[in-house]
Protein chains: 2
Amino acid sequence: MNMPYPTSSSTATPTHTFPAHIEHQLDKATALCTQQGARMTAQRRDVLGLILMHARPVGAYDLLEELKTAERRPAPPTVYRALDFLLEHGLIHRIERLSAFIPCTNLRHCSHTHEHSEACLHTAQFLICRDCKTVTEIADTTVLETLKHICKNENFVIQSTSVEVEGLCADCASKHPTKELPHQGV
Amino acid sequence: MNMPYPTSSSTATPTHTFPAHIEHQLDKATALCTQQGARMTAQRRDVLGLILMHARPVGAYDLLEELKTAERRPAPPTVYRALDFLLEHGLIHRIERLSAFIPCTNLRHCSHTHEHSEACLHTAQFLICRDCKTVTEIADTTVLETLKHICKNENFVIQSTSVEVEGLCADCASKHPTKELPHQGV
DNA sequence: GAATGCAATGTAATACTATTACATTTTCTC
DNA sequence: GAGAAAATGTAATAGTATTACATTGCATTC
């Protein structure tokens, strides 16, 4: 009983339906794709929807499980292809340390335009809580500016960056004995 | 025919021997371990030696291959345990994007003391060349300072960080048509 | 509206990375 | 030397990702 969505350059019927606020974010993502001349297919929309449903980073195989329906049992490449697409278009981020994926925060925000395009260019920064596994995307641009500056000096051409800070979020830190950076390096 | 090494708090005979300059770096690493009350065993020394032998990041299973001798066929946990130890003591770094390992640059430097301990505290920064796979560790401290500042504001307790910049090194960039950050984000 | 070409998806197999659990050996401390 | 702790050996398995090739769907042109 799924009705086709009013996606401008999209394909068939999504196999999943999501709560209204998620659908809204999906529509926004679809609009962004159209704008970039990319196709937000049903498959990709489903995967993005599932990622948006999670409060925490999701693994590819978790998504694979959740994609299963009575009719279809997708294989790994299905999910990885969708993830690649979503990554390329800046709709999600990959958390390297977790081998997991989260939506780009900007998708959750109200603004429909993508003024922040540059800040999202595969150059996001994250705070990862070891305890509750929550990941927060940082809006700061200073880090990226610094990195750009360094790379300019070295004639290194930046294509993408990942900045991941692992530790304890404020909530978890208040519940546990504080453990700071534990040991000495060279 | 391997003779025991003069390691201060070490164990049995290493199964591998390395060129003099590598042995020198290994001795330095051993001294650092002793200083920290940690044991640089033959196994760990072998693994570190192999990592030092590579110009580029090495995967765990590559090391596993290289550890094989006529007598011994180590299993994965052997390598992973050694890697964990070396990581914990700041002797190597893990490049998240590559699931691979490189020596801490300071091991290669001349200074015997570890004045830079803080800068190495699981908080290194890397430039990764997509083309030649070479990884350069950056000495800069600004990025870490910025991150510390941000985290302080958010009451986030930092335990470790990774900053990975992927792109083209100066050499490779000069050989190829320049590809900058390719697409737009949200 | 058939033909063509390209993008997207389906499918099976496999490669690569990492951990668990438990037995054994080595080393340290007393 | 005995006991405890650290390190290693071993087998099995879990988790993540890719390759290669077949098929389908969509878009453009004639």
Side-chain angles (χ1 to χ4, degrees), chain A residues 4 7-16 30 33-34 36-48 51 57-69 71-89 92 94-101 133, chain B residues 4 7-16 30 33-34 36-48 51 57-69 71-89 92 94-101 133:
Chain A
T7 52
S8 42
S9 73
S10 175
T11 52
T13 318
T15 41
H16 291 71
T30 304
C33 286
T34 305
Q36 295 177 29
R39 301 215 301 245
M40 174 65 91
T41 63
Q43 191 102 252
R44 293 163 178 170
R45 188 179 173 109
D46 283 349
V47 170
L48 180 55
I51 295 173
V58 216
Y61 278 73
D62 294 330
L63 293 169
L64 202 50
E65 271 307 306
E66 295 171 6
L67 278 176
K68 282 184 185 168
T69 63
E71 308 89 42
R72 311 190 326 105
R73 320 233 102 197
T78 298
V79 153
Y80 281 103
R81 283 193 281 236
L83 290 171
D84 285 345
F85 175 89
L86 298 171
L87 284 168
E88 274 177 15
H89 293 85
I92 62 172
R94 182 191 153 93
I95 309 297
E96 301 292 340
R97 294 193 166 209
L98 304 178
S99 297
F101 305 85
K133 314 298 181 197
Chain B
T7 51
S8 41
S9 72
S10 177
T11 52
T13 318
T15 40
H16 291 70
T30 305
C33 287
T34 306
Q36 295 177 30
R39 302 213 302 245
M40 174 64 92
T41 64
Q43 191 102 254
R44 292 162 178 170
R45 189 181 172 107
D46 283 349
V47 171
L48 180 55
I51 295 172
V58 216
Y61 278 73
D62 293 330
L63 293 169
L64 201 50
E65 272 306 307
E66 295 170 7
L67 278 177
K68 283 184 184 169
T69 64
E71 309 89 43
R72 311 191 324 105
R73 319 234 104 196
T78 298
V79 154
Y80 281 103
R81 283 192 281 236
L83 290 171
D84 286 345
F85 175 89
L86 298 169
L87 284 168
E88 274 177 14
H89 293 85
I92 62 173
R94 182 190 153 92
I95 310 296
E96 301 293 340
R97 292 193 167 210
L98 304 178
S99 298
F101 305 84
K133 314 299 181 194

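Labels below follow one simple rule: chain letters A, B, ... track the order of the sequence lines, proteins then strands, and each chain is numbered from 1. As the structure is a prediction and not an experimental result, all values here were calculated from the model.
For the side-chain contact (heavy atoms from CB on, under 4.5 Å) test with A:F101, the passing option among A:D62, A:I95, A:L87 is A:L87; the others fail.
With a 4.5 Å cut-off on side-chain heavy atoms, A:L83 and A:L63 count as touching. Side-chain contact between B:F85 and B:H89: present, with at least one pair of heavy atoms (C-beta onward) separated by less than 4.5 Å.
For the OP1/OP2 pair of D:dG9 and a distance below 4.0 Å, the side-chain nitrogens and oxygens of B:Q43 include at least one atom meeting the criterion. Between B:T41 and D:dT8 there is a side-chain polar atom (N or O) within less than 4.0 angstrom of OP1 or OP2. The phosphate of D:dT8 (OP1 or OP2) has no side-chain N or O of B:T78 nearer than 4.0 angstrom.
Residue A:L63 contributes atom CG, which lies 13 Å from atom C1' of D:dT16 at whole-angstrom precision. Distance A:E65 CD to D:dA14 P: 14 Å, rounded to the nearest Å. If you measure from atom CZ of A:R45 to atom C1' of C:dA8, you get 18 Å, rounded to the nearest angstrom. In this structure, A:L86 places its CG atom 10 Å from P of C:dT9, rounding to the nearest Å. We find that CG of B:D46 is positioned 16 Å from C1' of D:dG9, with the value rounded to whole Å. Summarising the geometry, the separation between CD on B:E88 and P on D:dA6 is reported as 12 Å, rounded to the nearest angstrom. The distance between atom CG of A:L67 and atom P of C:dT9, rounded to the nearest whole Å, is 12 Å. The nearest whole Å value for the distance from the CG atom in B:L64 to the P atom in D:dT10 is 12 Å.
Of the possible donor and acceptor atoms, one in the side chain of A:R44 sits under 3.5 Å from a partner among the backbone N and O of A:R39. Between the side chain of A:R45 and the backbone N or O of A:T30 there is no donor-acceptor pair closer than 3.5 Å.
Distance check, rounded to the nearest 0.5 Å: CZ of A:R97 to CZ of B:R97 gives 13.0 Å. Note that CG of B:L67 and CZ of B:R72 are 7.0 Å apart. Values are rounded to the nearest 0.5 Å. The distance from the CZ atom of B:R94 to the CG atom of B:L86 is 14.0 Å, given to the nearest 0.5 Å.
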Pair up each side-chain donor or acceptor in residues 74-82 of chain B with any protein partner under 3.5 Å, not counting sequence neighbours, and list the distances.
residue	atom	partner	partner atom	Å
B:T78	OG1	B:A75	O	3.4

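Heavy atoms of A:R44 sit under 4.0 angstrom from primed sugar atoms or phosphate atoms, though from no base atom.
Inter-axis angle, ends of the helix from C:dG1-D:dC30 to C:dC30-D:dG1, five pairs per end, rounded to 10 degrees: 30°.
With C:dA8, D:dA7, C:dG10 as the choices, the nucleotide that has an atom nearest any side-chain atom of A:R39 turns out to be C:dA8.
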5' to 3', nucleotides 17-24 of chain C under a 4.0 Å protein heavy-atom cut-off (B base, S sugar-phosphate only, - none) gives BBBB----
